[in-house]
Amino acid sequence: MSVSRASGAATHQRPGDRRRTLPELLAGRARKMKLDPEREQKLRDSAVRLLRRQLNLSHLLLEVEGPPHKKLSLSQLIDRDSPKAHTGLSSSLIGSALRDQASQLGVPVAVLSSQVVASSIVQICEAGTEPSHGVLLDLEQRKKLSSLLEITQYLLAHSMFSRLSFCQEMWKVQNSLLLEAVWHLHKQNVVSLPELLESHADVQAVVAWLFRNLHGLCEQSEQMDTSCPQADIARAVLSDFVQLLVLKGFQTNSGLRGEAEPEHMPQVAVAVLQRMLASALEALAAGVQEESSAHRAARCWFSMLSGHTCSMISTDSPKSFFRHTLTQILTHKPVLKVSDAIQMQREWSFARTHPLLTSLYRRLFVVVSPEELVGHVQEVLETHEVNWQHVLSCVSALVICFPEARRLVTDWAARWLARAFEDFDLDSMVTVFLLVRQAALEGPSLFLSYADWFQASFGSARGLHGCSKKALVFLFKFLSDLVPFEAPHYLQVHILHPPLVPSKYRFLLTDYVSLARTRLADLKVSIENMGLYEDLSSPGDITEPHSQASQDVEKAIAVFEHTGRIPAAVMEASIFRRPYYVSHFLPALLTPRMLPRVPDGRAAFVEALKRADKIPPSLYATYRQACSAAEEKPAGPGMKADPSCAEGLLGPLTAALQELRAAMTDPAQYDAISARVAVISQRLSSALGLSEDDSSSEVTKVQLSVLVPKLEQREQKVVDLLLTSFCQNLMAASSFAPPDRQGSWAARFVTATCGHRLLPAVLTRLCQLLRHQGPSLSASHVLGLAALAVHLGEAGPAFSDVHVSPPAPARGLSIPDFFSSLLTCRTKESTLFCLRFCTAAISYSLCKFPSRSHDTWYSCLSPGLIKKFQFTVLRLFSEARDPLSWGDAASPPWRSLYPPPADWQQAALRLWRHRTFQELLKEKGFHLTYRDWLQLELEIRPDMDSLSDMDRRHFHHWAIHERFLPEPSAAGGCDGDLETACTVLVDTLLDFCHSSQSREHAEDSGLVLGGCTWNRDILSRLQEMVVDLEQGPAAPHGPSPAGGHFLFRIFRRRLQALASGWDVASRLQRQRELLMYRRILLGLPPSVLVSSPRAEQPAAPNCDEFFHLVNSELRNLYLHGGTLTHAVIVHFFRGLLNACLRCRDPSLAANLALTLCQTECPLVLTSALLWWPRLERELRCRWRCVPGPLPRELQRLHEAQRFAQSFLSPDAASPASPAPRPAWVSAAALYFAIQRAGEANRIGLEKLVCQGEELLVFLFFFSLMGLVSSHLTPHAADFLKAVGVCAEILGCLQERNVPWLQLFQLTETDAGLGRVLLRLAPDQHVRMLPLAFYSLLPYFDGDAPVREDTFLHVAVDMYLKLLALFVAGETSAASTLAARSQELQGQDDPVGLVTKARLFLLQSIPRCPRRSFSNMAELLATHGDCDPELRAALLSRWQATPNTGLSQEPRLF
């Protein structure tokens, strides 16, 4: 049956009957027939055969599509939403129709199908609503294309589709083709993009088409909302195209390609990627507007060039592509000359480079390693003409992004610099300078400054420029060529840090400096006004001197606060750049102001400069006067803030806070609380004067002074408003519900208000309130601030640490630890406030977070706060010390506090008995230990304590003996060991004395001893415990145990942990520690120093540990000219006599002990001689209980004292009687007598000629120690007196030809003399002997000393050691003394002394006998390099000597 026949039959129907379609006719026929599967299949086959023989395809499509068409179309077949569409036709039927039509036309069915599909795709692309330049389909187009692709895939599966023919048809209509349609063809495997691109013969046309569409896609995608589905499709299309182009264009492994791989696909891919990148770079170079289409396209394209996009490619293509991309960037339009780069490179730092370009650099750096990156950039510079702007901005990005870039760039520059001097290559030279300067622009934290690099490269003899004259000429020719283009700073660096040039080529440097100075003069820049810390990243090349000086001052103070030393740049400027230092730096530093009570960083820096004589006295005096005037001058009208202005700014914030409070009191408005807090956050920014950029939630570093917290007026008003509002809101909310049912308003309030950079101000105000005004706060204030502290601690991880100072050095504290540090227990008032605040904070936390784990408590509350609560409860309430009776665990402690006023005692005890709190105390971090208790108790000031003396003593005994002594060590106790309790107490006491609490306590109380104060009752408890140890059943009888007394074990352990050295910091730290040891020793029974011997044997009392402490440590305190203090000596002799009196023969025991003293600890005897007039009375008083005179050794001391008095007495007979033995004891007594006699000593010194040589030598040694002491003390009279005494004794020694040079060569191995004398003097005094030796130079007896064989060796040794002392700065005290004292104007300072000593040696060497040069080799081998001229003189004299001992000269020199 044909279609025409069916039409004719339909015309004979009755009027009103509609014409039925072929499917309806078939359907009616089917209803009349019975369902038979076999018959149905036969009927289907017959129908198909009939249609194939009789079907007219055009008429069939016309019937399906509606109106007649002249050409074959599938548009109605794929238009599923059209009412005229017929969905019953299957793909098989369409395939059959296409096959029949192709048979009639005589063309292959695949060609016909390709034409039909191509035509349909064009119709779909043209049917959209997007503008003509669009590249994406709309929703309707995408649906139609999906249907068409289903049919096409059927055709492909049955070999009825030709890809090549299809591609040719597509290129004929390329202008109508949308890129998304091509992407769908590629994704659905209809035609891949490589096939489509390869099918076009014209490569340039293909590149142009693909570039145009990709560029349009980038523009279009950036205009879309990121949440739009179109945006996701655009990103997917672009990402797939980029991956494909990268893979095909940069596939390095040719084996991966198939046999049918397109030939020019890599060329197309590379060309398209290059054009896209070039277009983006040109847009950035042209400076297009941010919202322009070119800028959007560049931003989109750069976002695609990331490691994430290319990470799906498993080959090496991404790395090759990124290397190629970097090469293209570095070589893009190289139009800038080197001279332009020199002048403009400041503008190409990382911060000033376009953000899109820096983001592209970072994306490229992800795939390429730093070493590969540096190597690749180096290769590009060697083989291409480059765009210097891109090269240098890439170097900046490299320095910023890679930590190892500093090393890589430095090594890179060193290699190129070596190449430049090797080949005298100017290109390499200028490249090195550009690279180093660019890296230096990013700051000293990332790369060394240009000045440091230039000085390191050319400022020493090891520089590459010093190898020949040609190299020097090359360097200065290069620098001279740069002068017209240089920034002033670089010229200043070259002048201030010039290359090291041999003297014969000095003219090269002079010519360059003259040229550079002329250029600076043309630029009106003064070389003297160059700043100390030039900022090369600043916008301008020239900074005003006063502005630069202010920046230098701030940076110098920051360096000083960090290191504690005057910065080297300041020291250099004070010497080598005096005009800038005096005219600009010091005036900027010494700006008059109100000086803080506790010196801040600026004040400490000023004082350090003053001590170093770096501030002229007149300028410093003027500065102090101006500061005093500023403190006395009242604030003028101009200094007061306008209250109306402040009220105007705070009005909106106040209104917002009132609205929040109204919402808190109305349960119906609870849902609006979050919105109210958001309004407060917004208005808070306005009240603080912050812009939108400043009002971020990022919190800056919090640093404040605990002792003197200060706030600006506006900040304090804002913070007071917030704190008041929080307290009121908490009270209002608590009136309706307990804290655990109040929601999260408090946490949101804290986050919103403390995230506007207001945290420092909030914490400063809380410091003022809690630390300084706590006892005066009302109950509601305490509750509110305690809750605020809890929520601030809860949000602590989002905030930075708090750095508090002074008195402690700046240290970081978490927010909870900071609040704990604000609570003190020194006085009655502060202890009660600490109890109130701790009770409120802990109770609020227990109620607010009832179900949280104990770990969460660490973030909300500090363990220190919980320990202080335990301490105050146990201290104030005796009932808390009784065995615990559990309280009502179900009743939250908060009920005892609200509504205020609260009964704080009952609330504290109720919290103490709460089961949850007691379970919390089982945590190790929250449990109060014995050490914690001691630290808190040491802070108590007994005169202002809430406990009476008796109550405090009872509390101490309970805490030590009943609470902590029996407690196991795992719980912070002492395991029942009394010695352990004493050890912990002493350790804690010493630690406390070094802590900030001790210094602050000392400042408050005004009682300072040894640098700190403490609760004196704790020392009393230690005394009692030590006595219990000595008298207890386990007390040792006789010698101390092997480990020694526990106290000396503590001292040894702590001293070993201290830093050792001769620097000032180490010595002061050690002295402070020793002063504390001395104070503790003097507070304990004397028996600690001396233990009794066993009663059954005649032995000396054991003083070994005390002797060791004296010899190793106390000897170096030299508080009284190298002797022990009176208190220490008296304490020792009390212990010694007490121990002797318990012996069977007290006199024998005393004699044995003092005889041992002469060899093991002679300093004890010399110190006893110093204090003998006061010491003798007490000794005789204590010895009265023993029949007979004083022990023989004590009588020796008495005889030595009498000898000294009679020797200096003008009435004594002449010659004087011989000195008692031992001679050094008599010499010590005589020296102390001379010191006490003052100017009258010359009468007695004339009698020295009659005394023995041994006495004279020992007396000269003591006088030398006195001379050294006078160098270390700022008293000119002492120095002149010491010099006079030494000169008198030296003259006597020289007159009698007594050998005295041995005193300057003492060693511990010397039998007798060296061993004794070295234990009588501090180590510092022995080190300073060279200063004393050459201070006596004018008193040497002509050439007599020179003629001695040992003189030259001693003199050279003393000179070399004097040089070492001078270089180490240990002669600074003598320098200060000579500079400030008018009486010493004729004396030499250390510099003059060194000069005179050197001249003396140079003049003496020729006059010394040949025997003097023996043993000189070892001396010169050790220190000979200190003075080359002296070394040469000694060598010359030695070489002129026929028989010498310096046979190893080649090994030494």
Side-chain angles (χ1 to χ4, degrees), residues 656-681 721-754 777-796 816 819 836-854 856-857 859-861 865 869 887-904 906-917 919-920:
L657 292 172
Q658 291 176 350
E659 292 175 359
L660 175 63
R661 186 184 179 189
M664 296 296 300
T665 57
D666 186 1
Q669 299 186 32
Y670 276 2
D671 295 338
I673 289 179
S674 298
R676 302 295 185 194
V677 173
V679 172
I680 293 173
S681 176
L721 276 176
L722 296 176
L723 297 184
T724 302
S725 174
F726 185 88
C727 295
Q728 292 174 347
N729 292 333
L730 179 68
M731 295 298 101
S734 298
S735 64
F736 290 94
D740 57 329
R741 292 164 52 192
Q742 292 178 11
S744 60
W745 75 267
R748 292 181 180 178
F749 185 93
V750 169
T751 304
T753 55
C754 296
L777 295 177
S778 65
S780 58
H781 287 151
V782 173
L783 295 177
L785 296 182
L788 179 65
V790 171
H791 287 289
L792 281 171
E794 182 188 17
F819 282 112
R836 295 164 61 196
F837 189 87
C838 293
T839 303
I842 299 172
S843 299
Y844 181 82
S845 299
L846 282 176
C847 189
K848 183 69 176 178
F849 314 115
S851 59
R852 291 199 182 182
S853 63
H854 290 166
T856 310
W857 279 68
S859 63
C860 298
L861 293 176
L865 184 141
F869 173 74
D888 184 7
S891 176
W894 182 256
R895 290 184 179 178
S896 303
L897 298 175
Y898 186 85
D903 185 345
W904 291 103
Q906 292 302 321
L909 290 175
R910 188 171 185 175
L911 173 61
W912 175 259
R913 299 187 181 102
H914 199 270
R915 186 179 299 274
T916 304
F917 177 74
E919 291 177 355
L920 181 68

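Start at 1 with the first residue, then count along the sequence.
- How far OG of Ser735 is from CG of Leu730: 10.0 Å, rounded to the nearest 0.5 Å.
- A donor-acceptor pair is defined here as one N or O able to donate and one able to accept, closer than 3.5 Å; no such pair exists between the side chain of Ser843 and the backbone of Ala840.
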Assess whether side-chain contact (heavy atoms from CB on, under 4.5 Å) is satisfied between Leu657 and Leu722, documenting all intermediate values. CA-CA 8 Å; Leu657 292 172; Leu722 296 176; 4.2 Å; yes
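- Across all their heavy atoms, Ser734 and Gln742 have their closest contact at OG-NE2, 3.2 Å.
- No donor-acceptor pair under 3.5 Å is formed between the side chain of Ser725 and the backbone N or O of Leu721.
- Taking both residues in full, the closest heavy atoms of Phe849 and Cys860 are given as CE1-SG, 3.8 Å, listed atom of the first, atom of the second, then distance.
- Taking the six-membered ring where tryptophan is involved, the planes of Phe869 and Phe917 are perpendicular, since the angle between them exceeds 60° and thus also 30°.
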Run the numbers on Trp912 and Ile842 for side-chain contact (heavy atoms from CB on, under 4.5 Å), then give the verdict. CA-CA 10 Å; Trp912 175 259; Ile842 299 172; over 6 Å; no
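- For an aromatic pair to be called close, the ring centres must be under 6.0 Å apart, and Trp904 with Phe837 fails this.
- Taking CZ of Phe726 as the reference point, atom NE2 of His791 lies at 5.0 Å (rounded to 0.5 Å).
- In terms of heavy-atom proximity, Cys847 sits nearest to Pro738 at SG-CB, 4.1 Å.
- In this structure, CG on Asp740 lies 11.0 Å from CG on Leu846, to the nearest 0.5 angstrom.
- What you find for Ala786 and Ala841 is that their closest heavy atoms are CB-N, 3.6 Å.
- Atom CG of Leu785 is separated from atom CG of Leu777 by 6.5 Å, given to the nearest 0.5 angstrom.
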side-chain contact (heavy atoms from CB on, under 4.5 Å) evaluation trace for Phe819 with Leu861: CA-CA 9 Å; Phe819 282 112; Leu861 293 176; over 6 Å; no
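- The two residues Pro739 and Tyr844 have their closest heavy-atom pair at CB-CE1, 3.6 Å.
- We find the CG-NE2 distance between Leu788 and His781 to be 12.5 Å, quoted to the nearest 0.5 Å.
- Atom CG in Leu909 sits 5.0 Å away from atom CZ in Arg913 (nearest 0.5 Å).
- Summarising the geometry of Gly793 relative to Pro816, their closest heavy-atom pair is CA-CG, 3.8 Å, with the distance given to 0.1 Å.
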